[in-house]
Amino acid sequence: MRVAQILSFGTFVASSAALPYVVHEERHVRTELRWSKTRQLDSSSVIPVRIGLKQQNLEHGDRWLMEVSDPASERYGKHWTAQEVKDAFKPSHETVKTVHDWLHNAGIHSSRHKLSEGLNWLEFDASVREAESLFRTTYHFFEHGLSATKHVACDNYSLPAHVTPHVDFVTPGVHFDSKTKPDTDLYLDANGSKIEKRRVMGPSSPWAGEICNVSFVTPQCLRLLYDVPAALPAVEGNSLGIVEYAPESYLESDLDLFFKTYDPAAVGERPIFDAIDGGYLYDNITNVTAFNYLGEPSLDLQYAMSLVYPQKVVLYQVGDLAESNLTSFNNFLDAIDASYCTYDGGDNSTEDAVYPDPYPGPGSYQGNQNCGTYAAAKVISTSYSYPNEQDLGAAYMARQCHEYMKLGLTGTTFAYSSGDYGVTDEGYCIAANGSYTDGSSGRFSASFPGNCPYVLSVGATQIRNGTYDVDAAIKAGEEVEVVMELTLTPEGSIGYDFPSGADPRGQIIFSSGGGFSDVFAMPSYQASAVTSYLDKYAPDYPGQYNNSGKARGYPDISANGAWFSIAVFGELSQVFGTSASTPTVASILTLLNGERIRAGKSTLGFVNPTLYAHPEIFNDITAGGNPGCGTYGFDAVAGWDPVTGLGTPNYPKMLELFLNLP
Ligand SMILES: *[C@@H]1O[C@H](CO)[C@@H](O)[C@H](O)[C@H]1NC(C)=O
Ligand SMILES: *[C@@H]1O[C@H](CO)[C@@H](O)[C@H](O)[C@H]1NC(C)=O
Ligand SMILES: *[C@@H]1O[C@H](CO)[C@@H](O)[C@H](O)[C@H]1NC(C)=O
Ligand SMILES: *[C@@H]1O[C@H](CO)[C@@H](O)[C@H](O)[C@H]1NC(C)=O
Ligand SMILES: *[C@@H]1O[C@H](CO)[C@@H](O)[C@H](O)[C@H]1NC(C)=O
Ligand SMILES: *[C@@H]1O[C@H](CO)[C@@H](O)[C@H](O)[C@H]1NC(C)=O
Ligand SMILES: *[C@@H]1O[C@H](CO)[C@@H](O)[C@H](O)[C@H]1NC(C)=O
Ligand SMILES: *[C@@H]1O[C@H](CO)[C@@H](O)[C@H](O)[C@H]1NC(C)=O
Ligand SMILES: *[C@@H]1O[C@H](CO)[C@@H](O)[C@H](O)[C@H]1NC(C)=O
Ligand SMILES: *[C@@H]1O[C@H](CO)[C@@H](O)[C@H](O)[C@H]1NC(C)=O
């Protein structure tokens, strides 16, 4: 966060000193390994303060969402308008007035506050001295060990007792919302033997061979696996959105190389380009061509565009280059929902990047923050996640999760990748003292936003080793896929034969993210499936995960996520991850939306309740697991499991079901 060294705002009148205060939020998990607390902020520095006001009627939101999303409900598919959503949830007059009056009496004069357009944030700039006194706290810089990202945060803060019921949370506060991370971490060169983290090597060879085998996946392969038709007609009103966050972006030449190789009809196709907060293409702004920056968007766009062709894909390209270390999910949500906007115009900020960008130079966006600028696509696919819910703060996550609920009411489906490191936080686990372990022991870590019950969390599978003819195996009714689960040896080779092979504990495992949240409760739609899993299969790892039977379990479903052939920077290479399975699932849901729209029906919207009510529309995955923290993690078993969810799509069965729903 940036801190302006400008004059403080007059003398702070501490007239709130006599009010009884209560702790509003505190961090339970210590963060020594990932976030180190560095110096305290100067008391005369100025920081932007935002107070998230409690919205009304959130307690009814789940019921309202189920009414339009539960296939057994009379109101199934009768989605709300954006205005209806805004009116239903905006904070009450009493809430706005209570917080406003407290601040005013505490010396933050009314003329300094600003209420956001959705009426859900109160914002003002304050000196650190003022803020520390208002919130009874001390602010420090925290630095992230690996990325060198800095955040301003505190260990806890307090509010007057009468204000507490009206506030979700305050920023800066206890959470660290650093840049979201793409969920493709593995790239394989053309040799097929060397695997490197986020790196591709070697020249590409023109492709001429099988489209689908145990170590080679293409769009045609996915159509084969899930029985998905090609080239369905585009449908007016249908849309698929792919979200990418700076500094990731794509090259048009890579799209054409991919289409030329696997889907010649689509050569020359481009996504509709919705630039958010300075979102840009590398082609015309900068010369950054590293694989790291191109891999995720290339994968997402190439597969989504090919699978739904000729239906158009919308690319939401979020964030400019200069502030790319700060762009977060909230910047995107602001752009598709004005009622969620945190700022109007530019401001100084911390958690989410702010525009106009205060950093000058190439790739610096000087326009206003996008706020409700674009329509939400009917299905929105995001292959980025935050690997550890413990860093973010329950209130921060709940607010964003409620936003997915609100957009679900309007008929949008959000698909998010579940993460690629099994039950761990990229190999780390949570120590008993609240810090992090090296990954050989400790508590599992759940990812965000897959832990939110209002998104569709997508895990990953791979073709079973030993399947020599995929087509024949499918026709014979064999279980063709297992959990995406790979070991990386120090020599760089990979194996994917678990659980029959070596003991996976203690090895570096790249596998389908899944488990149980410590923050979000089990939603009603999954209660029966998850309870049944826990009753029959809950592993006995004392204290390592939330086995209370009351926690949200994820992922919800899965799809293939291994050995995807993609074109990046002029070469064909292969990638792995829930990043690959997520746009695959989103594309299939988009095709189903198209068929429903053609039949005069609504879009799928929040699809989870229907999926859990109809597990028969999935290919159940029952082999493999997601080891970590010194354990075998969870196993894929019959029915739902916290590795592959309900299983992988069976398009004909899904189509039949969805066309039969009202
Ligand atoms: C983000 O990047 C900018 C420009 O490279 C840098 O000046 C700033 O310190 C970074 N901010 C954080 C929070 O790491
Ligand atoms: C709040 O944090 C401060 C600083 O870390 C600590 O000294 C204090 O004990 C904490 N208070 C509570 C109530 O947790
Ligand atoms: C295959 O691996 C060898 C040995 O590491 C390397 O020299 C060669 O460039 C690689 N070939 C490709 C196509 O990456
Ligand atoms: C899978 O297909 C690729 C591409 O056609 C080919 O190079 C590879 O040898 C095949 N692998 C197996 C195990 O059949
Ligand atoms: C880059 O390309 C995009 C999309 O084609 C366009 O909107 C934008 O104006 C271009 N930017 C520059 C700096 O040329
Ligand atoms: C990008 O790099 C190429 C090759 O290195 C160079 O010719 C070109 O001038 C660069 N373009 C910009 C805009 O820097
Ligand atoms: C934001 O910070 C800049 C300096 O970085 C300062 O000039 C500006 O006045 C600040 N904005 C507000 C609203 O205080
Ligand atoms: C917390 O536990 C971890 C793992 O057991 C250990 O490495 C670390 O030193 C401990 N930290 C503190 C502050 O005790
Ligand atoms: C697939 O199975 C064969 C036979 O057991 C084994 O040799 C090979 O290494 C396995 N492939 C991978 C990528 O693990
Ligand atoms: C497990 O989940 C439940 C439901 O959300 C929650 O109340 C409980 O605190 C969680 N347990 C732990 C140890 O975090």
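Counting convention: from 1, in listed order, for ligands and their atoms alike.
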*Mark up the atoms of ligand 10 that fall under 4.0 Å of a heavy atom belonging to Ala551, in ascending order.*
2 (O)
_At less than 4.0 angstrom from any non-hydrogen atom of Ser215, what atoms of ligand 4 do you find?_
11 (N)
_Could you tell me, atom by atom, which parts of ligand 10 come under 4.0 Å of a heavy atom of Ser548?_
1 (C), 2 (O)
_Between Tyr421 and Phe510 (judged by ring centroids, cut-off 6.0 Å), do the two rings come close enough to count as a pair?_
yes
*Got a donor-acceptor contact below 3.5 angstrom from the Thr137 side chain to the Tyr157 backbone?*
no
*Side chain, backbone, both or neither: which part of Arg443 comes within less than 4.0 Å of ligand 10 when only heavy atoms are counted?*
side chain
*Residue list, side-chain hydrogen bond (donor to acceptor under 3.5 Å, both in side chains) with His162, at least two apart or on another chain*: none
_Which of the numbered atoms in ligand 10 are under 4.0 angstrom from any heavy atom belonging to Asn546?_
1 (C), 2 (O), 3 (C), 8 (C), 10 (C), 11 (N), 12 (C), 14 (O)
*asked:* Under 4.0 Å, counting heavy atoms only: does Phe520 come that close to any atom of ligand 10?
replied: yes
_Using the side-chain hydrogen bond (donor to acceptor under 3.5 Å, both in side chains) criterion, which residues pair with Ser548? Sequence neighbours excluded._
Asn546
*Are any non-hydrogen side-chain atoms of Pro539 and Tyr632 less than 4.5 angstrom apart?*
no
_Centroid separation under 6.0 Å, is that true for the rings of Phe259 and Tyr309?_
no
_Sequence neighbours excluded, every pair satisfying salt bridge (charged side-chain N to carboxylate O under 4.0 Å, His left out) that has a member inside residues 510-537_ = Arg443-Asp518
*Under 6.0 Å between ring centres, would you say that holds for Tyr554 and Phe520?*
no
*Evaluate the ring planes of Trp640 and Tyr533, with Trp represented by its six-membered ring, and classify them as parallel (under 30°), tilted (30 to 60°) or perpendicular (over 60°).*
perpendicular
*Of all the atoms in ligand 10, which lie at a distance below 4.0 Å from a heavy atom belonging to Ala521?*
5 (O)
*Mind running side chain to side chain donor-acceptor pair (under 3.5 Å) on Asp62 and Tyr454 for me, showing each step along the way?*
CA-CA 9 Å; Asp62 186 81; Tyr454 303 121; 2.6 Å; yes
Short N or O separations between ligand 2 and the protein, below 3.5 Å:
unit_1, atom_1, unit_2, atom_2, d
ligand 2, 2 (O), Asn156, ND2, 2.3
ligand 2, 5 (O), Asp155, OD2, 2.6
ligand 2, 11 (N), Asn156, ND2, 2.9
ligand 2, 14 (O), Glu26, OE1, 3.2
ligand 2, 14 (O), Asn156, ND2, 3.2

*Just which atoms of ligand 10 are under 4.0 Å from any heavy atom in Lys550?*
4 (C), 5 (O)
